[in-house]
Number of protein chains: 2
Amino acid sequence: MQNITVLGAGYMGSAITFPLSDNGNKVNLWGTWLDDEIIESSLKGFHPRLKKPLPENVNLYYWQDIKPAVEESDVIFIGVASEGFVNVFKLLLDNLNPEKDYYFFKLTKGLVEYNNKVSRATEAARDMFGTKFPGRDFNWTSIGGPVRALDLSERTPTASMYGISNEKIKKLIPDFSTEYYRIFPNNDVKGTEICSMLKNIYAVSAGVCDGIYKKEKEGKYFNLLSFLFNQAIREMSKVINIAGCSQETIHDLAGVGDLHVTSVAGRNRKFGELIGKGIPGEEAFRQMAKDGEYAEGYFALKLVIPWLAQSATKEMIDDFIEKELPLLHTLRSIMIEGAKPDEQLKKMILKLGY
Amino acid sequence: MQNITVLGAGYMGSAITFPLSDNGNKVNLWGTWLDDEIIESSLKGFHPRLKKPLPENVNLYYWQDIKPAVEESDVIFIGVASEGFVNVFKLLLDNLNPEKDYYFFKLTKGLVEYNNKVSRATEAARDMFGTKFPGRDFNWTSIGGPVRALDLSERTPTASMYGISNEKIKKLIPDFSTEYYRIFPNNDVKGTEICSMLKNIYAVSAGVCDGIYKKEKEGKYFNLLSFLFNQAIREMSKVINIAGCSQETIHDLAGVGDLHVTSVAGRNRKFGELIGKGIPGEEAFRQMAKDGEYAEGYFALKLVIPWLAQSATKEMIDDFIEKELPLLHTLRSIMIEGAKPDEQLKKMILKLGY
């Protein structure tokens, strides 16, 4: 049995409390300053995103109560949106006990802005942790898919890949799993994290197809969806390769599996559908944000280019993207530069194959 | 411009005539003895499977007219069901010109029974061809996905992997492609063929999920679908490995892409749905066959075990399947041995991960 605090009371942070508490752990769920309404409603017995009560034995905390929320815990799950990650992690560190060993499990997906640079969340966290607690072990796990929060909170069978930074962490894992929540550990923190970020971008393409074809060709553009899914895997594999990570990660749950679930349903697909209908990226993002729906793929796409560019010049990266990552190139031209979705997709396909 | 004969007037044989004739080739479509009604209706301007007219410049032939159907052609596409493959190929060889060079493109998926043995269709064809025309070049291509016939006949963008047996074939390929039909050649005939066969079996699992969960958990079992999709890729990769083929094939269009499109829609998924609802495999297969719908995955599953067993003893293969291919093992127990779908799926998931 573990004492666990989950940070972030949105979809994923809240959903993970189901297996964690079903397994008999003591679970605290802490909401950020954006989650006040969720905590309030959940205290009354109804989580407004998951549309159901949280498990009874989960303890709820407002953001001001970070101290009591983490006081007894040594396992911390972080499920906040990538935009809030750095601030929340800083607040967390200020409230940890310098004498204790902590284990961090990151559910947050995507890149973050830290010290005027685009970084993986893990890099930012490692730096902050090392500065605050020099010399202490950084026990870190980057959690990957394929997990939709809603399905998990229904207790339908779910698998999740955990990229762990050391073998000590492995001993904790059976405490988190249940009959319906199965955990598959690997030793590729970085690859698991990169897959999680990239799949949000590429899943948008399935939505773009819907936006273009659903009205006129319902049920008759599966070939194109599957081609784009496959092209996404090809390109994610190339990025994983230049990042020096394992091909096994992309060809397993964190890559293929997670892209699959994200492409079938969810906010990034919905965002893509708006784009496919001709709504500019910025506007589509704002429309959805108004309803509390945050299209991570758009945010990730904006950050992925400067992130890639850190290992080469801007020109080299533009050339690499155009030649080696034609779908990313196409998504950028559609989502950021306002090019016409159907034209761009057709242009890309013509360049590939015979 | 090529003179092309397509054998088999079912879904795929008929759909391929769209890009072939759009590209300006002379295209003959020959129906088997099971296709008389299709030819009759198509001559009147309506293909009853694709629910539309075939392209105007496609010439139609009844099975008795095999001679004139192939007389002027040197490119032959074979799109018959795997059960009829050996007989049709034999009939074809009897009507070819021994002086001419032929190029064969196999759309048929699945294993065949030939000389009292389970073989890949390519092996059977090579043996028949070599016996009939000793010493002549066997110019052979195994066509892979991700291609649904209906989408292709709608001219929505489609990609297809061609496993080619020699470089001469590559020169023909631009004659087959169009703006909406893009061809990706590789040199792995065997791997492409094995992927095409396996994906029909594994795609059944998506349907099994629907059968179990659709009624009660609509829209809330995507995690499980994606886990099973990923598990199928894992296992296909292992079979490709022991068959000595390239991992690139399974991780590209012929594998990931084709499994994707087959899992989203189609007859194997529909077949799985019946199974998931508790209808025994044999009965589900017969129900669908009555409506002219042939679940290739069931037929392939029955043949894949003896096919695998040719390279080892029965015991070794059973052990390998149970340990290394747990999803195939589960599908066999559900589809052939009549085990309960939901119990078996849950049992399998519990064995995997932590």
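Chain A is the first sequence line, chain B the second, and so forth, proteins listed ahead of strands; every chain is numbered from 1.
The two residues A:Met236 and A:Gly255 have their closest heavy-atom pair at CE-CA, 4.4 Å. Residues B:Gly257 and B:Pro146 share a closest heavy-atom pair of O-CB, 3.1 Å. Annotation for B:Ile233 and A:His251: closest pair CG2-O, 4.5 Å, computed over non-hydrogen atoms. Closest approach of B:Ile240 to B:Ser246, counting heavy atoms only: CG2-O, 3.5 Å.
Between the OH atom in B:Tyr180 and the CZ atom in B:Arg155 there is a gap of 4.5 Å [rounded to 0.5 Å].
Note on B:Gly145, B:Ser263, B:Gly353: by heavy-atom pairs under 4.5 Å with chain A, the leading option is B:Gly353. The greatest number of non-hydrogen atom pairs below 4.5 Å with chain B, out of A:Thr178, A:Asn223, A:Ile250, is found for A:Asn223. Contact count against chain A (heavy-atom pairs under 4.5 Å) is highest for B:Asp252 among B:Ile349, B:Asp252, B:Val264. Considering only heavy-atom pairs separated by less than 4.5 Å from chain B, the leading option among A:Phe176, A:Phe227, A:Tyr221, A:Phe229 is A:Phe229. Heavy-atom pairs under 4.5 Å with chain B were tallied for A:Leu152, A:Leu253, A:Val256, A:Thr262; the largest tally goes to A:Leu253. Note on B:Ile183, B:Leu225, B:Leu228: by heavy-atom pairs under 4.5 Å with chain A, the leading option is B:Ile183. Counting heavy-atom pairs under 4.5 Å between each of A:Pro157, A:Ser160, A:Ala159 and chain B puts A:Pro157 at the top. Contact tally against chain A (heavy-atom pairs below 4.5 Å) for B:Asp258, B:Ile173, B:Leu224: the top residue is B:Leu224.
Taking the six-membered ring where the residue is Trp, B:Phe105 and B:Phe77 present parallel rings, their angle staying beneath 30° rather than reaching 60°.
Both the backbone and the side chain of B:Phe222 have a heavy atom closer than 4.5 Å to some heavy atom of chain A. With a 4.5 angstrom heavy-atom cutoff, B:Arg148 touches chain A via backbone and side-chain atoms both. No part of B:Leu345 comes within reach of chain A, as not one of its non-hydrogen atoms sits under 4.5 angstrom from that chain. For A:Leu259, no part lies near chain B; criterion is any non-hydrogen pair under 4.5 Å. Only the side chain of B:Tyr213 comes within contact range of chain A, judged by heavy atoms closer than 4.5 Å.
A:Lys168 NZ: more than 12 foreign heavy atoms inside a 6.0 Å radius.
Judged purely by distance below 3.5 Å, without hydrogens or angles, the side chains of A:Glu296 and A:Asn200 never pair a donor atom with an acceptor atom. For B:Thr249 and B:Asp188, the side-chain atoms include at least one donor-acceptor pair closer than 3.5 Å.
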